[in-house]
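Beneath this line is the structure, given in structure tokens, with notes to follow.
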2 protein chains.
Amino acid sequence: MDDDVVRSARLRPGRNRPGAGDDLADLGPCESAVPMPVEVPEATVSRLPQYLRALSALAEAGLRTVSSEALAEAAGVGSAKLRKDLSYLGSYGTRGVGYEVGELHQHIADRLGLTSSWRVVIVGIGNLGHALAGYGGFASRGFSVVGLFDVDPTVVGEVVSGLRVRPLDDLEATVREGGATIAVLTVPAGVAQGVCDRLVAAGVTSVLNFAPTVIRVPDHVDVRKVDLASELQILAFHAQRKAHVRVGEVV
Amino acid sequence: MDDDVVRSARLRPGRNRPGAGDDLADLGPCESAVPMPVEVPEATVSRLPQYLRALSALAEAGLRTVSSEALAEAAGVGSAKLRKDLSYLGSYGTRGVGYEVGELHQHIADRLGLTSSWRVVIVGIGNLGHALAGYGGFASRGFSVVGLFDVDPTVVGEVVSGLRVRPLDDLEATVREGGATIAVLTVPAGVAQGVCDRLVAAGVTSVLNFAPTVIRVPDHVDVRKVDLASELQILAFHAQRKAHVRVGEVV
DNA sequence: AAGCGTTTGTGAAGGCACGCACAAAGTCGT
DNA sequence: ACGACTTTGTGCGTGCCTTCACAAACGCTT
Ligand SMILES: NC(=O)c1ccc[n+]([C@@H]2O[C@H](COP(=O)([O-])OP(=O)(O)OC[C@H]3O[C@@H](n4cnc5c(N)ncnc54)[C@H](O)[C@@H]3O)[C@@H](O)[C@H]2O)c1
Ligand SMILES: NC(=O)c1ccc[n+]([C@@H]2O[C@H](COP(=O)([O-])OP(=O)(O)OC[C@H]3O[C@@H](n4cnc5c(N)ncnc54)[C@H](O)[C@@H]3O)[C@@H](O)[C@H]2O)c1
């Protein structure tokens with residue numbers, strides 16, 4: 001479902017159900033003595049952040065345990081889906097009781113890779129870049145903005161929420177000196193591909209793209225796209241359908 | 001795929017090939033005498049905006065016709081998927097040639113409901129609201145921002161790209177006097193549900209929510225959510241997986 | 001210790017979407 | 001006018017995701 005956003009897909013080859021195809025004479029179903037490798041479906045991954053947020057809210061409300069029913073309600077999904085999602089992470093619930101809020105939060109955060117703070121650079125400090133740079137919701141969720149970049153001389157040098165906007169040429173050094181880095185692209189559509197190429201060349205392997213263009217990257221790079229105009233158009237589609245139904249054009 | 005975001009589904013008939021199999025001896029399982037209703041799958045709907053954008057780019061490049069292969073390339077999808085998607089809208093291609101750019105663009109725009117300009121109000125003119133209000137990409141795609149609202153007295157009265165920010169109390173009047181309206185929610189998470197309730201009460205049936213909260217709405221209202229922190233977390237998940245593989249923890 | 005109510009974890013079934021592969025349909029060249 | 005070539009539209013198989021339904025597991029009460 002979700003789609004074509006992430007490029008490198010396949011998790012590890014490991015089948016979920018080991019007992020499937022290879023039936024040579026290996027007596028037991030499989031001899032995996034240890035933790036039983038299970039890949040997490042992409043659809044599940046896309047929901048984990050929501051569970052995490054719901055758990056944070058519940059923890060703040062003082063709850064120590066939640067049932068799958070209550071957590072699902074808070075996250076806006078069905079309880080069965082929630083349980084199956086969590087089952088891919090392991091069994092952290094207690095039957096008859098539910099899940100311990102703090103513990104489950106920790107496990108999901110671990111699985112998402114939020115143990116250490118990820119480095120984020122924002123490229124293109126225009127309208128949108130300014131808003132994102134000043135957003136507190138990133139730091140509070142395990143991301144720290146370590147660089148703001150732009151080509152416009154009138155923007156470079158400006159200080160946005162404690163960070164000085166730097167020229168695009170400092171980009172490579174910043175990406176290389178730090179470890180893994182996530183790049184947020186808020187440049188005009190026309191230059192998005194070029195800037196992205198440069199990011200990738202510098203070693204970036206995760207890109208969040210706000211420019212309304214398809215950008216092409218090597219297989220080992222993940223790109224997710226946020227397209228506000230598309231979202232509005234999808235809403236318009238459904239709104240139109242509702243309008244037609246009301247008029248009686250269709251059942 | 002996409003998910004639980006949009007509430008209502010089912011589409012309208014829009015038959016492709018009228019000469020199909022309607023035999024009036026409707027003794028069969030269903031008696032649909034006429035056009036044979038075909039719904040557009042939600043996954044397809046979510047891709048239509050991208051096709052539309054690709055077509056705009058191709059038109060601007062001066063092309064009059066495109067093959068499914070070329071259009072798919074421009075839109076970043078597979079050609080088979082593209083053809084199947086377009087087939088839900090009807091048969092607008094010419095075998096051996098491809099699709100006429102302008103005509104196909106028009107058909108998709110029609111189907112998305114972009115014939116007339118949709119009214120959009122933005123509620124919460126903070127960091128993000130300012131950026132969205134000043135964004136030209138909406139007007140150019142069939143949406144016109146007709147209202148900016150906030151509660152903060154220091155923000156109300158400010159003029160953002162030609163529109164004066166108005167107090168929240170003017171909201172009902174604006175929504176009611178105009179026709180169907182799409183609301184963009186860029187208020188703090190804590191008040192999102194309350195503001196949304198007010199929007200729905202005023203008659204809004206389409207909401208694009210940027211606040212990191214699950215908001216509950218009646219069945220007839222569509223909500224789509226844009227969650228930047230979640231996008232980053234999903235990228236982090238894949239980045240972590242890649243890192244582990246590189247270290248050799250997993251095959 | 002045993003029973004009872006609650007809740008998890010998961011097998012199984014159904015639905016949806018994707019991609020392949022090809023016949024139908026049209027164009028272009030001769 | 002006809003054949004060769006190109007490209008659409010779609011039937012079909014496959015795999016993923018969702019949903020249902022329930023046995024196993026656990027706490028609590030007696
Ligand atoms: N503003 C919005 O609400 C909004 C909404 C949806 C999508 N977008 C998209 O986000 C992107 C940015 O939007 P915006 O409104 O901030 O535009 P903007 O013009 O205000 O900002 C773009 C910034 O990128 C910088 N830039 C240009 N070329 C660059 C380069 N090669 N390298 C680095 N920086 C460069 C510019 O100097 C400018 O500061 C656009 O692609 C836009 O379509 C914006
Ligand atoms: N800024 C970002 O980059 C960013 C990124 C992701 C998500 N978000 C989310 O978007 C929302 C807005 O973010 P922001 O950075 O613009 O915050 P902000 O605080 O700058 O803006 C919020 C605005 O909403 C107004 N407001 C508060 N209560 C209101 C009410 N009841 N009715 C109408 N207006 C009201 C405030 O006066 C303020 O102007 C938040 O929920 C935030 O979590 C923002």
Side-chain angles (χ1 to χ4, degrees), chain A residues 1-6 9-11 13 15-21 29 36 38-48 51 64-73 75-101 103-104 107, chain B residues 1-6 9-11 14-21 36 38-48 51 64-73 75-100 103-104 107:
Chain A
M1 212 107 293
D2 260 345
D3 332 77
D4 46 6
V5 179
V6 170
R10 305 308 121 195
L11 290 208
R15 284 277 176 285
N16 288 27
R17 217 27 77 143
M36 160 88 166
V38 175
E39 68 187 71
V40 181
E42 188 58 34
T44 295
V45 173
S46 71
R47 283 186 294 267
L48 291 182
Y51 301 154
R64 297 185 51 93
T65 62
V66 259
S67 67
S68 63
E69 198 77 38
L71 181 54
E73 166 76 12
V77 303
S79 63
K81 200 191 292 192
L82 171 73
R83 284 198 301 276
K84 189 163 278 279
D85 283 343
L86 295 184
S87 75
Y88 291 114
L89 308 185
S91 294
Y92 298 120
T94 306
R95 294 169 191 242
V97 178
Y99 302 89
E100 214 214 317
V101 174
E103 181 190 348
L104 184 56
H107 279 295
Chain B
M1 195 119 333
D2 247 346
D3 328 277
D4 47 4
V5 179
V6 170
R10 302 310 112 175
L11 251 263
R15 198 21 193 162
N16 308 14
R17 223 27 99 115
M36 162 81 164
V38 174
E39 62 188 72
V40 180
E42 188 59 31
T44 295
V45 173
S46 71
R47 283 186 294 266
L48 291 181
Y51 300 154
R64 297 184 50 93
T65 61
V66 259
S67 68
S68 63
E69 198 74 40
L71 182 53
E73 165 76 11
V77 303
S79 62
K81 198 191 292 191
L82 171 75
R83 285 197 301 276
K84 191 171 277 282
D85 283 343
L86 295 184
S87 75
Y88 291 114
L89 308 185
S91 294
Y92 298 120
T94 306
R95 293 167 191 242
V97 178
Y99 302 89
E100 215 215 315
E103 181 191 349
L104 184 56
H107 279 296

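The structure presented is a predicted model; accordingly, all values stated were derived computationally and were not measured. Below, chains carry the letters A, B, ... as their sequence lines are ordered, and counting in each starts from 1. Both backbone and side-chain heavy atoms feed into the values below; hydrogens, waters and symmetry mates do not.
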Contact under 4.0 Å: B:Ser68 side-chain N or O vs D:dT8 OP1/OP2: yes
Base-contact (B) and sugar-phosphate-only (S) positions in nucleotides 20-30 of chain D, heavy-atom cut-off under 4.0 Å, - elsewhere: BB--BBBS---
A:Ser67 side chain, from C-beta outward: closest of D:dT7, D:dT10, C:dT7: C:dT7
N/O (side chain, B:Tyr99) to phosphate O (OP1/OP2, D:dG9) under 4.0 Å: yes
Atom-to-atom span, CG of A:Leu71 to P of C:dT8 - whole angstrom: 9 Å
Steps toward side-chain contact (heavy atoms from CB on, under 4.5 Å) verdict (A:Leu86, A:Tyr92): CA-CA 8 Å; A:Leu86 295 184; A:Tyr92 298 120; over 6 Å; no
B:Glu39 CD to C:dA17 C1', straight-line distance once rounded to whole Å: 12 Å
Steps toward side-chain contact (heavy atoms from CB on, under 4.5 Å) verdict (A:Leu71, A:Leu104): CA-CA 11 Å; A:Leu71 181 54; A:Leu104 184 56; 3.9 Å; yes
With B:Thr94 via side-chain contact (heavy atoms from CB on, under 4.5 Å) - residues at least two apart: B:Val97
Phosphate OP1/OP2 of D:dC17 contacted by A:Lys81 side-chain N/O (<4.0 Å): no
A:Leu82 CG to D:dT19 C1', straight-line distance once rounded to whole Å: 14 Å
Crowding at CD, A:Glu100 (>12 non-hydrogen neighbours, <6.0 Å): yes
Integer-rounded Å distance: C:dT27 C1' and B:Glu100 CD: 15 Å
Separation of C:dT8 P from A:Asp85 CG (nearest whole Å): 14 Å
Touch class at under 4.0 angstrom, heavy-atom based, for B:Gly78 against every strand present: nothing
Euclidean distance, atom CG of residue A:Leu86 to atom P of C:dT10 [Å, nearest integer]: 11 Å
Rounded interatomic separation in angstrom, taking CZ from A:Arg47 and C1' from D:dT19: 12 Å
Closest non-hydrogen atom pair between B:Tyr99 and B:Arg83, with its separation: OH-CG, 3.8 Å
Atom-to-atom span, CZ of B:Arg64 to P of C:dT27 - whole angstrom: 15 Å
A:Val77 and A:Asp85: CA distance, side-chain angles, deciding distance, side-chain contact (heavy atoms from CB on, under 4.5 Å) verdict: CA-CA 11 Å; A:Val77 303; A:Asp85 283 343; over 6 Å; no
Derivation of the side-chain contact (heavy atoms from CB on, under 4.5 Å) call for A:Leu48 and A:Leu89: CA-CA 10 Å; A:Leu48 291 182; A:Leu89 308 185; 4.1 Å; yes
